[in-house]
Participant: 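Once you've had a glance at the structure underneath, I'll fire off some questions.
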Amino acid sequence: MIVGLIEEDRVHIGGDSAGISGCRLTVRKDPKVFRNGPYALGFCGSFRMGQLLHHAFKAPKPKGDLDAFMTTRFVNKLRTCLKEAGWARKESEQEKAGTFLVGIHGRLFIVYGDYQVAEPADGYAAVGCGNEFALGALHATATANLPARERLIAALAAASHHSTDVCEPFAFTTAPSLSELYEIQARQYQDAALPGPRKPADAVKNGGER
């Protein structure tokens with residue numbers, strides 16, 4: 001169960017810890033939500049896909065029009081990653097993946113199993129088991145003037161209360177706004193441009209110490 005919302009150009013994503021196999025529930029320690037470079041990601045369904053998104057996916061840096069970028073370069077890199085790792089599958093000669101949320105540059109996207117990329121107009125989304133309950137909670141709190149974390153907790157708690165496939169603990173991550181990313185890049189550039197420490201003068205001259 002993954003929920004996400006936009007607050008002041010930052011994207012916040014939360015997820016539960018349930019691993020489901022039939023009627024069996026395992027509380028997983030490995031997270032369903034995490035950062036990958038400037039992206040915040042949260043997946044539902046296969047934990048193998050989530051592990052690849054977290055540790056193997058070399059997400060490209062956004063360039064140009066973000067809509068075109070997400071539906072072309074981002075998805076193409078994703079397809080390559082999943083195929084090379086042996087996880088992507090075909091059904092009726094069509095490639096199938098999984099569903100996850102992506103937060104980047106203050107925008108929230110849903111990537112579906114057929115690799116389509118959707119952007120909810122409401123500024124929030126929920127995917128996975130119990131998403132209907134979470135969406136109801138997100139809608140109900142839209143005008144409540146609550147911080148993003150509290151709205152995510154309310155949505156996850158509603159899904160946990162009404163769905164047998166959602167459980168605590170809940171985990172959260174945030175994708176910084178575009179302006180915050182520019183500030184981070186500027187600091188990194190300044191740090192790289194600073195001169196290194198001065199080397200000590202040569203003490204070997206005139207019989208000095210070696």
Side-chain angles (χ1 to χ4, degrees), residues 1-20 25-45 47 49-50 53-54 59 62 65-67 69-71 74 98-113 116-184:
M1 172 73 225
I2 304 297
V3 292
L5 61 85
I6 302 169
E7 181 188 64
E8 297 180 355
D9 295 329
R10 303 177 82 202
V11 182
H12 305 266
I13 294 179
D16 77 323
S17 298
I20 305 299
L25 182 150
T26 301
V27 178
R28 299 283 296 240
K29 188 175 180 180
D30 41 333
K32 295 182 182 180
V33 299
F34 42 81
R35 285 279 301 275
N36 184 330
Y39 299 90
L41 300 171
F43 72 93
C44 61
F47 273 82
M49 182 193 72
L53 288 174
H54 194 178
D65 178 76
L66 193 55
D67 295 295
F69 170 84
M70 289 297 297
T71 56
F74 183 91
T99 300
F100 59 96
L101 298 186
V102 183
I104 182 68
H105 289 186
R107 295 172 67 179
L108 177 64
F109 298 94
I110 308 170
V111 179
Y112 288 103
Q116 69 158 297
V117 179
E119 185 174 15
D122 293 315
Y124 60 78
V127 294
C129 298
N131 71 83
E132 300 93 342
F133 309 116
L135 286 171
L138 289 170
H139 176 77
T141 58
T143 58
N145 198 29
L146 294 174
R149 178 67 63 88
E150 291 188 24
R151 290 185 66 198
L152 293 181
I153 290 173
L156 290 166
S160 177
H161 182 79
H162 291 286
S163 173
T164 58
D165 295 336
V166 181
C167 74
E168 297 186 71
F170 304 141
F172 305 91
T173 191
T174 300
S177 66
L178 186 57
S179 60
E180 288 174 322
L181 287 172
Y182 285 149
E183 290 176 4
I184 293 171

Participant: Please check if atom CD in E8 has more than 12 non-hydrogen atoms from other residues, nucleotides or ligands closer than 6.0 Å.
Facilitator: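 Count not over threshold, so no.
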Participant: Between A125 and P120, what is the shortest heavy-atom contact and its length?
Facilitator: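 Closest pair (atom of A125, atom of P120, distance): CB-CG, 4.0 Å.
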Participant: Is there a donor-acceptor contact under 3.5 Å linking the side chains of R151 and T141?
Facilitator: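 Side-chain D/A pair, R151 to T141: present.
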Participant: If only atom types and distance count, is the side chain of D122 paired as donor or acceptor with the main-chain N or O of H139 below 3.5 Å?
Facilitator: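 Side chain of D122 to backbone of H139: no pair is present.
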Participant: Is the side chain of E180 donor-acceptor paired with the backbone N or O of S177 at a distance under 3.5 Å, no angle test?
Facilitator: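 The answer is yes, because a donor-acceptor pair under 3.5 Å joins these two groups.
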Participant: H54: what forms a side-chain contact (heavy atoms from CB on, under 4.5 Å) with it, not counting sequence neighbours?
Facilitator: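 Applying side-chain contact (heavy atoms from CB on, under 4.5 Å) to H54 gives P31, F34.
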Participant: Rounded to the nearest 0.5 Å, what's the gap from CG on L66 to OG1 on T71? Could you check?
Facilitator: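 These two atoms lie 9.5 Å from each other.
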Participant: Side chains of V102 and V111, heavy atoms from C-beta outward: is any pair under 4.5 Å?
Facilitator: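 With C-beta onward as the side chain, the pair touches.
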Participant: Kindly compute the distance separating NZ (K32) from OG1 (T173), expressed to the nearest 0.5 Å.
Facilitator: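 One finds 15.5 Å between NZ of K32 and OG1 of T173.
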Participant: If you compare all heavy atoms of S160 against all heavy atoms of C167, which two are closest, and at what distance to 0.1 Å?
Facilitator: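 Taking S160 first and C167 second, the nearest heavy atoms are OG-CA, 4.0 Å.
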Participant: In sequence, state the C-alpha distance, the side-chain angles, and the governing distance for I104 and F69, and then conclude on side chain to side chain contact (heavy atoms under 4.5 Å, CB included).
Facilitator: CA-CA 12 Å; I104 182 68; F69 170 84; over 6 Å; no
Participant: Hey, what do you get for CG (D9) to OG (S179), rounding to the nearest 0.5 Å?
Facilitator: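 Interatomic distance, D9 CG to S179 OG, rounded to 0.5 Å: 7.0 Å.
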Participant: Taking L101 as the fixed residue, which of V33, L41, I110, V3 is the one that meets the side-chain contact (heavy atoms from CB on, under 4.5 Å) rule?
Facilitator: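 Output: one option passes, namely I110.
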Participant: Out of curiosity, L5 CG to R10 CZ, how far, rounded to the nearest 0.5 Å?
Facilitator: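 The distance works out to 11.5 Å.
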Participant: Using the test salt bridge (Lys or Arg N to Asp or Glu O under 4.0 Å), find all partners of D165 that sit at least two apart in sequence or belong to another chain.
Facilitator: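 In terms of salt bridge (Lys or Arg N to Asp or Glu O under 4.0 Å), with neighbours along the sequence ignored, D165 is linked to no residue.
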Participant: What residues form a salt bridge (Lys or Arg N to Asp or Glu O under 4.0 Å) with E119, not counting sequence neighbours?
Facilitator: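 With neighbours one apart ignored, the set is R107.
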Participant: Minimum heavy-atom separation for V117 to M70, with atom names?
Facilitator: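 For V117 and M70, the tightest heavy-atom pair comes out as CG2-O, 3.8 Å.
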Participant: Between A126 and A134, which heavy-atom pair has the shortest distance, and what is it?
Facilitator: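 Reported closest heavy-atom pair: CB-CB, 3.9 Å.
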Participant: Between G113 and T99, which heavy-atom pair has the shortest distance, and what is it?
Facilitator: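 It is N-OG1, 3.8 Å.
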Participant: Please list all pairs meeting ring pair (Phe, Tyr, Trp, His ring centres under 6.0 Å) that have one or both residues in residues 152-171, counting only residues at least two apart or in different chains.
Facilitator: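 Residue pairs passing ring pair (Phe, Tyr, Trp, His ring centres under 6.0 Å), neighbours aside: F133-H162.
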Participant: With a 4.5 Å heavy-atom cut-off, do R35 and P176 have their side chains touching?
Facilitator: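 A side-chain contact exists here, since the closest heavy-atom pair is under 4.5 Å.
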Participant: If you define the side chain from C-beta out and look only at heavy atoms, does anything of P62 sit under 4.5 Å from H105?
Facilitator: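 Yes, close enough: below the 4.5 Å cut-off.
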Participant: So, taking the atom named CG in N131 and the one named CD1 in I2, what distance separates them when rounded to the nearest 0.5 Å?
Facilitator: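 The distance works out to 11.5 Å.
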Participant: Identify, with sequence neighbours excluded, every residue that meets side-chain contact (heavy atoms from CB on, under 4.5 Å) alongside A175.
Facilitator: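 Checked A175 against side-chain contact (heavy atoms from CB on, under 4.5 Å); matches are V11, A40.
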Participant: Please find the pair of heavy atoms, one from A18 and one from V166, that lie closest to each other, and give the distance.
Facilitator: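 The answer is CB-CA, 4.2 Å.
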Participant: Who are the salt bridge (Lys or Arg N to Asp or Glu O under 4.0 Å) partners of D30, not counting sequence neighbours?
Facilitator: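 Only R28 meet the salt bridge (Lys or Arg N to Asp or Glu O under 4.0 Å) criterion with D30.
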Participant: Return the CG to CD1 distance between L25 and I20, rounded to the nearest 0.5 Å.
Facilitator: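 Here the rounded value is 4.0 Å.
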Participant: For F100 together with Y39, are the ring centres under 6.0 Å from each other?
Facilitator: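 Ring centroids of Y39 and F100 are no less than 6.0 Å from each other.
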